[in-house]
Amino acid sequence: MEEYPAKQVTENLDDPPNSRLFVVTSRSITEDELRESFSVFGDIQGVWVVKDKQTKESKGISYVKFAKSSQACLAMEEMHGKVLMEATKPIKVFIAQSRSSTRHRDVEDEELTRIFVMIPKTFSEEDLKNTFKEYGDIEYCVIIKNKFTGESKGLGYVRYYKPSQAALAIENCDKTYRAILAEPRSKAATTEEYSGGGARGDYTGGAESMNLYTFPMGDPGSYQGMDHRSGDFTRCLMMSTRAALTQEQIFALFDLIPGMEYCELQRDAYGMSKGHAMIRYGNLGSAVYAKEKLNGFEYPPGNRLVVNYVDDGEDRSSPVSRMAMQFVATQMISSVWNGPSTSQVMKPPGFSAVSSVSRIQTDVNLPPPKKLAPPDSKAKERLFVVFSPSPLPPDVLEDVFCRFGSLIEVHLVPGRKVGYMKYADKQCADEAMAALHGHVVNGVKMKVMLADPPREESHKRPRTY
DNA sequence: CGACGGGACGC
DNA sequence: CGACGGGACGC
């Protein structure tokens, strides 16, 4: 990166985060060749080939700095495993450790594919998915909820399949979501030594001795993102991995679930793993079970496997097969919640279907519910609502206040008996106020007024008088 | 009466 | 296995 003043270079290496690549190549690969092959992915700010001090020969290590993390991630995804020149080995590409970091582990996809966002409390996981799917395919969404009341805490996780997708979301989503990369869930985990080295072959043995019931899948949170639609279950699975796994390892892993018919690692023209394997089971139950047990499983530890259903071309539309799949799904969910020993206890199919019984009692003649305005809409008017004797739950308030149209968000002030209703349209807000002020909902009397303008950004110096 | 911004997952 | 240069300069 000699074309930049040195001070600027060292200061920019980690800015923005995860915008620099660590590239392992044959020693014959030059800076020009790297620049040439990586420049299609974005704005390269510098290329540095590490060379031996004395001999000036390349050590087979290079750094490529991009302007954006999404560009670096895309380049990593596309170039990892590629052969740059005839008769040289395929290159390895990783996001470089930040210069200040002392750690020596590769940066895993696990750390680059999940984002942490702040969202309106009214957001469902479906809303979250719909908001963030424009940046790439989402593996799952989870909203953090109060365990007792089920109320959203206004925080969520979105897991993408690829680092570039998460990076695009962070770079481009509305600032109000405050999207950042999520810290990996296991903080001090992965302590045991996997120095990554020659121990790869041992993991097959490890897998065989593993107890399926003790897989680290026990947190119900990860199931909230599971897709329960019956149409998504198939006998065919696709597994993605970024660590190099052998055909034998993958076979052994998926063969732990009885009924595997077929398992093949996909390879590119050089015989290098493309990081995908196709697995098929002889029956749907086995496939569902394998997916739930192995998706997210770390094998080897630190390398998170992604397992998904792929369309196997079977007709899943008949009522009989739909019901069969619903049955399997319900059984799965039940066994997850209750543990394997009680998996016989099942809820009837369709149990979790929405029961939209009206839960509103009021002295107002309410119009029917209307759709919410997009969460990123600009608020044209806010209502200030005072509740007596106690505040109404947010879902009830949303149901009531949305009926005049353009409602963006319900905000209750924690610990107080007041709240704010954000509207994208002034007239809708005024209608809501006119209709609801002084009225009673579920025994709670409401004052509905125009809100004072929001407090200014509090980053100013405190007043000194 | 009654006023408004922050951040973490049942490991 | 495969991890960090050379050269610079505004309180």
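Since this is a predicted model, take the numbers as computed values, not measurements. Convention: sequence-line order gives letters A, B, ...; per-chain numbering from 1.
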Of the nucleotides [options], which one has an atom closest to the side chain of [X]?
X	options	value
A/Ile180	B/dG7, B/dC4, C/dG2	B/dG7
A/Glu183	C/dC4, B/dC9, B/dG2	B/dC9
A/Tyr157	B/dC9, B/dC4, C/dG2	B/dC9

With a 4.5 Å limit on heavy-atom distance, are the side chains of [X] and [Y] in contact?
X	Y	value
A/Glu381	A/Leu450	yes
A/Phe116	A/Ile144	yes
A/Ile119	A/Tyr177	yes
A/Asn18	A/Leu112	yes

Original post:
Parallel, tilted or perpendicular for A/Tyr63 and A/Trp48, by the 30°/60° rule?
Top reply: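 Aromatic pair A/Tyr63/A/Trp48 classed parallel.
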Original post:
Of A/Val24 and A/Lys51, whose closest DNA chain C nucleotide lies nearer the 5' terminus?
Top reply: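 Checking each residue's closest nucleotide, the 5'-ward one belongs to A/Val24.
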Original post:
Taking the nucleotide of DNA chain C with the closest heavy atom to each, which residue, A/Lys53 or A/Gln97, is nearer the 5' end?
Top reply: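 Checking each residue's closest nucleotide, the 5'-ward one belongs to A/Gln97.
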**OP:** Could you check if the base of C/dC9 is syn or anti? Syn means the glycosidic torsion is within 90 degrees of 0.
**Re:**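 With its glycosidic angle within 90° of zero, C/dC9 counts as syn.
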Would you classify [X] as touching base, sugar-phosphate or nothing, given that sugar-phosphate means primed atoms plus P, OP1 and OP2, and contacts are heavy atoms under 4.0 Å?
X	result
A/Lys89	sugar-phosphate
A/Phe94	base
A/Lys447	base
A/Val385	nothing

Original post:
For A/Phe116 and B/dA8, do the ring centres fall under 5.5 Å apart while the planes stay under 30° apart?
Top reply: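 Stack criterion met.
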Original post:
Is A/Phe384 stacked on the base of B/dG2, meaning ring centres closer than 5.5 Å and planes within 30 degrees of each other?
Top reply: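 It does not: the two rings, one from A/Phe384 and one from B/dG2, miss the stacking criterion.
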**OP:** Decide if atom NZ of A/Lys175 counts as having more than 12 heavy atoms of other residues, nucleotides or ligands within a radius under 6.0 Å.
**Re:**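 Result for NZ/A/Lys175: enclosed.
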Original post:
For the side chain of A/Arg185 and the base of B/dC11, is some donor closer than 3.5 Å to an acceptor across the two?
Top reply: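 No, no donor-acceptor pair under 3.5 Å.
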Original post:
Does the B/dC9 base have a donor-acceptor partner in the side chain of A/Arg159 within less than 3.5 Å?
Top reply: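 Side chain to base: no pair below 3.5 Å.
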Expressed in angstrom and rounded to an integer, what is the separation of [X] atom [atom1] from [N] atom [atom2]?
X	N	atom1	atom2	answer
A/Asp52	C/dG6	CG	C1'	15 Å
A/Arg103	C/dC4	CZ	P	16 Å
A/Ile95	C/dG2	CD1	C1'	16 Å
A/Ile119	B/dG5	CD1	P	17 Å
A/Ile144	B/dA8	CD1	P	7 Å
A/Asp106	C/dC1	CG	C1'	11 Å
A/Arg382	B/dG5	CZ	C1'	12 Å
A/Arg99	C/dG6	CZ	C1'	11 Å

**OP:** Can you sort out which residues in residues 416-431 of chain A have a heavy atom within less than 4.0 Å of DNA chain B? Ascending by number, please.
**Re:**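 Those residues whose heavy atoms fall under 4.0 Å from DNA chain B, taken from residues 416-431 of chain A in numerical order, are A/Arg416, A/Val418, A/Tyr420.
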Original post:
Quick one: which of A/Glu108, A/Arg159, A/Glu139 gives a side chain to side chain donor-acceptor pair (under 3.5 Å) with A/Thr113?
Top reply: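 The residue from A/Glu108, A/Arg159, A/Glu139 that satisfies side chain to side chain donor-acceptor pair (under 3.5 Å) with A/Thr113 turns out to be A/Arg159.
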Original post:
Which residue pairs pass the ring-ring contact (aromatic ring centres under 6.0 Å, His included) test when at least one of the two sits in residues 390-413 of chain A, sequence neighbours left out?
Top reply: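 Residue pairs with at least one partner in residues 390-413 of chain A: there are none.
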